*Asks:* 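This is the structure I have questions about; it appears just below.
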Amino acid sequence: MAGPLRFPRSARLLAKADFDRAFQGGTRLGGQFFRLLVVIEPGTPARLGAALAKRSIPHAVDRNRIRRQLREAFRQRQAELAARSLVFTAKPEAAATPNPALRADIDRLLTRAAALPLDRPAGTMSR
RNA sequence: GGAGUGAGCCAGACAACCGCGCAGCGCCUCACCGCGUGGCGAGGAAAGUCCGGGCUCCACAGGGCACGGUGCCAGGUAACGCCUGGGCGGCGCGAGCCGACGGAAAGUGCAACAGAGAGCAGACCGCCGAAGCGGGGCAACCCGCUGGCAAGGGUGAAAGGGUGCGGUAAGAGCGCACCGCGCGGGUGGCAACACGCCGCGGCAUGGCAAACCCCACCGGGAGCAAGACCAAAUAGGGAGGCAUUGGCGCGGCCCGCGUCGCCUCCGGGUAGGUCGCUAGAGCCGUCCGGUGACGGGCGGCGCAGAGGAAUGGUUGUCGCGUCGGCGGGUUUCCGCCGGCGAACAGAACCCGGCUUAUCGGCCCACUCCGCCU
């Protein structure tokens with residue numbers, strides 16, 4: 001029985017193919033510190049992936065911190081996000097930003113992602 | 001009490017709720033997935049990737065050259081560019097600290113600016129006017145020139161030992177004494193090196209080798225994305241079988257040859273997966289040897305193993321630092337209230353070092369100064 005606030009493996013993006021699909025055909029949303037790519041895949045649970053480039057976030061400690069903020073925000077709101085695969089990228093300014101400000105930006109993006117219509121199949125935007 | 005030196009240690013604590021990773025046990029189950037339970041789950045630098053090793057694969061007769069690294073001596077170590085002890089030089093009143101610290105009489109080279117002169121030294125200011133020549137004067141002597149001088153000034157990072165006395169026209173290791181230096185010997189030390197030891201030498205090799213270089217020693221290459229194994233889909237390769245009167249091509253036709261289809265198997269190999277992957281030059285305690293680094297004996301412990309990458313989020317209480325206010329106290333200090341702050345930083349095959357970053361706190365040893373008895 002998966003509780004509504006858990007973060008099991010099935011809620012994560014693990015394969016390179018998932019990330020490639022998001023980068024090629026995902027709907028793009030821009031926030032203050034993040035960019036969000038959304039792929040609609042009916043029948044799947046909400047899934048999260050963090051693509052934090054070493055180039056934009058040079059210190060491992062910052063990458064870990066940002067990833068944990070992403071996970072925590074996603075974990076608490078995943079019920080609204082069913083059938084959506086989300087890939088976050090961070091802008092360089094995120095490294096120097098405290099957690100509450102990051103969290104607010106993430107929540108705004110999640111709200112927009114939840115509002116996307118479900119009837120558009122994945123991959124529509126490519127080609 | 002103040003100022004300082006060295007060596008260690010810690011890296012806020014506890015609780016609640018919601019989560020994450022791993023192996024164990026239990027439930028479910030063919031298995032995967034999932035669920036429950038108690039356990040474990042970042043650092044002193046996990047960092048930079050600058051050295052050294054283990055491990056893995058590749059290469060490899062032996063020797064020399066080239067290239068790179070190291071560079072006082074002796075130890076320690078698996079090894080090192082690390083560590084310990086010692087020597088020498090420098091800094092500090094001191095505890096202590098710092099040093100790429102082999103060779104400059106093998107050769108080549110470099111030295112801006114300043115300065116008269118910078119590597120077969122050098123007369124700018126200055127000192128001298130003994131000697132020689134000329135002039136003056138009865139003479140003592142005076143003037144000028146040829147010249148002599150490295151003592152003084154000045155320049156410089158550096159000017160060819162220092163101080164004193166003698167000496168001289170003025171000077172000069174020119175002579176002497178002491179100090180320094182070089183060479184040979186002696187003594188002490190494993191050695192680097194040292195010596196209020198002996199003899200010789202008036203002093204000869206100025207600096208730079210993180211300039212080329214010489215000497216001594218060391219060095220195969222790539223790295224866990226190493227490497228080993230399992231292995232789809234798609235395309236292509238090989239073998240066998242079937243289709244046996246099939247289509248197409250070479251021919252006017254037949255035979256024949258080539259090519260196209262389906263099935264099975266084989267080998268290479270991509271995605272993906274498994275292993276490597278945490279028991280190791282391990283950690284803690286104790287005893288012994290050693291000045292020490294360290295080595296040895298005995299006993300105990302089981303101590304992260306992820307993989308788009310776990311070790312987190314929120315809240316509360318206490319503790320710490322700091323600022324402001326109030327009250328005792330007034331050198332130091334104590335209590336209460338409120339605000340702010342709590343660093344540097346995240347394992348990725350594993351060890352030994354080095355270097356760099358870091359809010360603050362604790363303990364020990366020692367030095368100097370002040371005060372009291």
Side-chain angles (χ1 to χ4, degrees):
Chain A
M1 271 314 192
L5 296 182
R6 293 184 52 100
F7 186 60
R9 258 186 140 52
S10 57
R12 305 180 202 173
L13 289 181
L14 300 173
K16 180 168 163 53
D18 294 326
F19 283 85
D20 289 344
R21 220 174 306 126
F23 280 113
Q24 283 166 19
T27 302
R28 292 159 193 272
L29 301 175
Q32 188 180 0
F33 304 116
F34 296 95
R35 277 180 267 273
L36 173 58
L37 300 163
V38 186
V39 177
I40 306 294
E41 293 177 282
T44 67
R47 295 196 296 169
L48 173 70
L52 304 178
K54 197 170 187 175
R55 198 172 162 168
S56 43
I57 314 292
H59 288 96
V61 112
D62 293 318
R63 287 197 297 278
N64 281 344
R65 182 172 62 89
I66 291 166
R67 180 164 29 240
R68 283 161 181 162
Q69 288 297 317
L70 287 169
R71 275 187 14 187
E72 189 62 18
F74 173 86
R75 185 172 73 83
Q76 298 190 357
R77 299 187 55 184
Q78 56 187 308
E80 320 164 32
L81 295 163
R84 292 165 177 82
S85 292
L86 312 175
V87 172
F88 279 89
T89 17
K91 301 180 180 179
E93 308 85 69
T97 305
N99 286 342
L102 290 179
R103 191 63 180 275
D105 196 43
I106 297 167
D107 277 327
R108 277 192 296 275
L109 286 168
L110 291 180
T111 301
R112 291 171 62 190
L116 288 175
L118 280 182
D119 51 5
R120 188 170 54 196
T124 303
M125 293 197 61
S126 60
R127 240 155 290 199

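For clarity, every value in this text was computed on a predicted model and none was experimentally measured. Hydrogens, waters and symmetry mates play no part in the numbers below; they use all other heavy atoms, side chains included. Just so we're on the same page: letters track the sequence lines, and every chain starts at 1.
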*Asks:* With rounding to whole Å, what would you report as the distance between B:G6 and B:G107 at their C1' atoms?
*Replies:*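 Per the computed distance, 49 Å lies between those C1' atoms.
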*Asks:* Could you give the distance separating B:G352 and B:G1 at their C1' atoms, to the nearest angstrom?
*Replies:*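 Rounded to whole Å, the distance is 45 Å.
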*Asks:* Need to verify one output field. Residue with the more 5' nearest nucleotide on RNA chain B, A:R63 or A:R67?
*Replies:*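 Its nearest nucleotide being more 5', the pick is A:R67.
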*Asks:* If you measure from the C1' atom in B:G285 to the same atom in B:A194, how many Å do you get, rounded?
*Replies:*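 These two C1' atoms come out 46 Å apart once rounded.
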*Asks:* P atom, B:G295 versus B:U84: distance in rounded Å?
*Replies:*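 About 15 Å, rounded to a whole number of Å.
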*Asks:* Tabulate atom names and distances for all N/O pairs under 3.5 angstrom spanning the protein and nucleotides 311-316 of chain B.
*Replies:*
from	atom 1	to	atom 2	distance (Å)
B:U311	OP1	A:R71	NH2	3.2
B:U311	OP2	A:R68	NE	2.9
B:U311	OP2	A:R68	NH2	3.1

*Asks:* Between B:G305 and B:C351, how many Å separate the two P atoms, rounded to a whole number?
*Replies:*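 Result for the P pair: 14 Å, nearest Å.
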*Asks:* Using both distances under 3.5 Å as the test, list the Watson-Crick or G-U wobble partner of B:C275, or none.
*Replies:*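 WC or wobble partner is B:G227.
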*Asks:* In the strands shown, is B:U5 matched to any nucleotide by a Watson-Crick or G-U wobble pair with both distances under 3.5 Å, and which?
*Replies:*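 Pairing partner: B:A365.
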*Asks:* Is the number of heavy atoms from other residues, nucleotides or ligands under 6.0 Å of A:R35 CZ greater than 12?
*Replies:*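 Not buried by this count: 12 neighbours or fewer within 6.0 Å.
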*Asks:* B:U358 and B:G48: how far apart are their C1' atoms, nearest whole angstrom?
*Replies:*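 Looking at atom C1' only, B:U358 and B:G48 are 15 Å apart.
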*Asks:* To check you understand the geometry: which heavy-atom pair defines the closest contact between A:R84 and A:E80, and what is its length?
*Replies:*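 Looking at all heavy atoms of both residues, the shortest contact is NH1-O, 3.9 Å.
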*Asks:* Once side chain to side chain contact (heavy atoms under 4.5 Å, CB included) is applied, do any residues pair with A:D107, and if so which ones, sequence neighbours excluded?
*Replies:*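 Counting only residues at least two positions away or on another chain, A:D107 forms a side chain to side chain contact (heavy atoms under 4.5 Å, CB included) with A:A73, A:R77, A:R103, A:L110.
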*Asks:* Are A:F88 and A:L37 close enough that some pair of their side-chain heavy atoms sits under 4.5 Å apart?
*Replies:*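 Answer no - side chains too far apart.
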*Asks:* Mind checking who B:G341 pairs with, Watson-Crick or G-U wobble, both distances under 3.5 Å?
*Replies:*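 With both distances under 3.5 Å, B:G341 matches B:C320.
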*Asks:* Using modelled atom types and a 3.5 Å cut-off, is there a donor and acceptor pairing between side-chain atoms of A:R63 and backbone atoms of A:K54?
*Replies:*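 No; zero donor-acceptor contacts below 3.5 Å.
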*Asks:* Nearest to the side chain of A:H59, heavy atoms from C-beta on, is which of B:G346, B:G308, B:A309?
*Replies:*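 The closest nucleotide is B:G346.
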*Asks:* Does the structure show a Watson-Crick or G-U wobble partner for B:A131, both distances under 3.5 Å? Name it, or say none.
*Replies:*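 Base-paired to B:U146.
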*Asks:* Should A:L109 and A:V87 be regarded as members of a common hydrophobic cluster, given that ILVMFWY residues are connected when their side-chain heavy atoms come within less than 4.5 Å of each other, either directly or indirectly?
*Replies:*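 No, no single cluster joins them.
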*Asks:* How would you label the glycosidic angle of B:G251: syn (within 90° of 0) or anti?
*Replies:*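 That one's syn.
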*Asks:* With both distances kept under 3.5 Å, what pairs with B:C253, Watson-Crick or G-U wobble?
*Replies:*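 For B:C253, the partner nucleotide comes out as none, under the 3.5 Å rule.
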*Asks:* On a whole-Å scale, what distance lies between the P atoms belonging to B:G219 and B:A79?
*Replies:*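 Comparing P positions in B:G219 and B:A79 gives a spacing of 12 Å.
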*Asks:* A:A60 near the nucleic acid: base, sugar-phosphate alone, or nothing, with a heavy-atom cut-off under 4.0 Å?
*Replies:*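 Sugar-phosphate contact only.
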*Asks:* Should B:C93 be called syn or anti, with syn set as within 90° of 0?
*Replies:*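 With its glycosidic angle more than 90° from zero, B:C93 counts as anti.
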*Asks:* Checking understanding here: a glycosidic angle within 90° of 0 is syn, the rest anti, so what is B:G44?
*Replies:*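 In terms of base orientation relative to the sugar, B:G44 is syn.
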*Asks:* Would you mind pulling out the nucleotide paired to B:C28, Watson-Crick or G-U wobble, both distances under 3.5 Å?
*Replies:*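 Across all strands, not a single nucleotide pairs with B:C28.
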*Asks:* When you compare the protein's N or O atoms with those of nucleotides 47-50 of chain B, which come within less than 3.5 Å of each other, and at what distance?
*Replies:*
none

*Asks:* Considering only the C1' atoms, how many Å lie between B:G156 and B:G115, rounded to the nearest integer?
*Replies:*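 Nearest-Å result for B:G156 against B:G115 at atom C1': 7 Å.
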*Asks:* How would you label the contact of A:R12 with the nucleic acid (heavy atoms, under 4.0 Å): base, sugar-phosphate, or nothing?
*Replies:*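 Contact class for A:R12: sugar-phosphate only.
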*Asks:* State whether the side chain of A:R12 and the backbone N or O of A:F7 hold a donor-acceptor pair below 3.5 Å, judged by distance alone.
*Replies:*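 Flag set: sc A:R12 to bb A:F7 pair under 3.5 Å.
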*Asks:* For B:C178, give its Watson-Crick or G-U wobble partner with both distances under 3.5 Å, or none.
*Replies:*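 Its partner is B:G162 (Watson-Crick or G-U wobble, both distances under 3.5 Å).
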*Asks:* Rounding to an integer number of Å, can you tell me how far A:N64 CG sits from B:A347 P?
*Replies:*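 So the CG-P distance, A:N64 to B:A347, works out to 7 Å.
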*Asks:* Quick one: do A:L36 and A:I106 end up in the same hydrophobic cluster if we chain Ile, Leu, Val, Met, Phe, Trp and Tyr together by side-chain heavy atoms under 4.5 Å apart?
*Replies:*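 Yes, A:L36 connects to A:I106 through the hydrophobic network.
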*Asks:* Tell me if B:A42 is syn or anti. Syn = glycosidic torsion within 90° of 0, anti otherwise.
*Replies:*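 Syn, angle within 90° of zero.
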*Asks:* Write down the partner of B:G62 under the Watson-Crick or G-U wobble criteria, each distance required to be under 3.5 Å.
*Replies:*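 Pairing partner, where one exists within any strand: none, as none qualifies.
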*Asks:* So what does A:F19 hit on the nucleic acid, given a heavy-atom distance under 4.0 Å: a base, only sugar-phosphate, or nothing?
*Replies:*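 The answer is base, as A:F19 lies within the cut-off (heavy atoms under 4.0 Å) of a base atom.
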*Asks:* Could you check how far CG of A:L52 sits from C1' of B:G346, rounded to whole Å?
*Replies:*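 Taking atom C1' of B:G346 as the reference, CG of A:L52 is at 14 Å.
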*Asks:* Is the backbone N or O of A:L13 less than 3.5 Å from a side-chain atom of A:D18, with the two atoms forming a donor-acceptor pair by type?
*Replies:*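 Pair absent, no side-chain N/O of A:D18 close to backbone of A:L13.
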*Asks:* Flag yes if A:L29 and A:L52 sit in one hydrophobic cluster, no otherwise; membership is Ile, Leu, Val, Met, Phe, Trp, Tyr, and two members link when side-chain heavy atoms are under 4.5 Å apart.
*Replies:*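 A:L29 and A:L52: one cluster.
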*Asks:* Do A:F23 and A:L48 sit in one hydrophobic cluster, given that two such residues count as connected whenever their side-chain heavy atoms are within less than 4.5 Å of each other, even indirectly?
*Replies:*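 Not linked; separate clusters.
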*Asks:* Are any non-hydrogen side-chain atoms of A:L86 and A:L81 less than 4.5 angstrom apart?
*Replies:*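 A:L86 reaches A:L81 side chain to side chain.
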*Asks:* Grab the CG-C1' distance between A:L37 and B:G308 for me, whole Å please.
*Replies:*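 That distance rounds to 14 Å.
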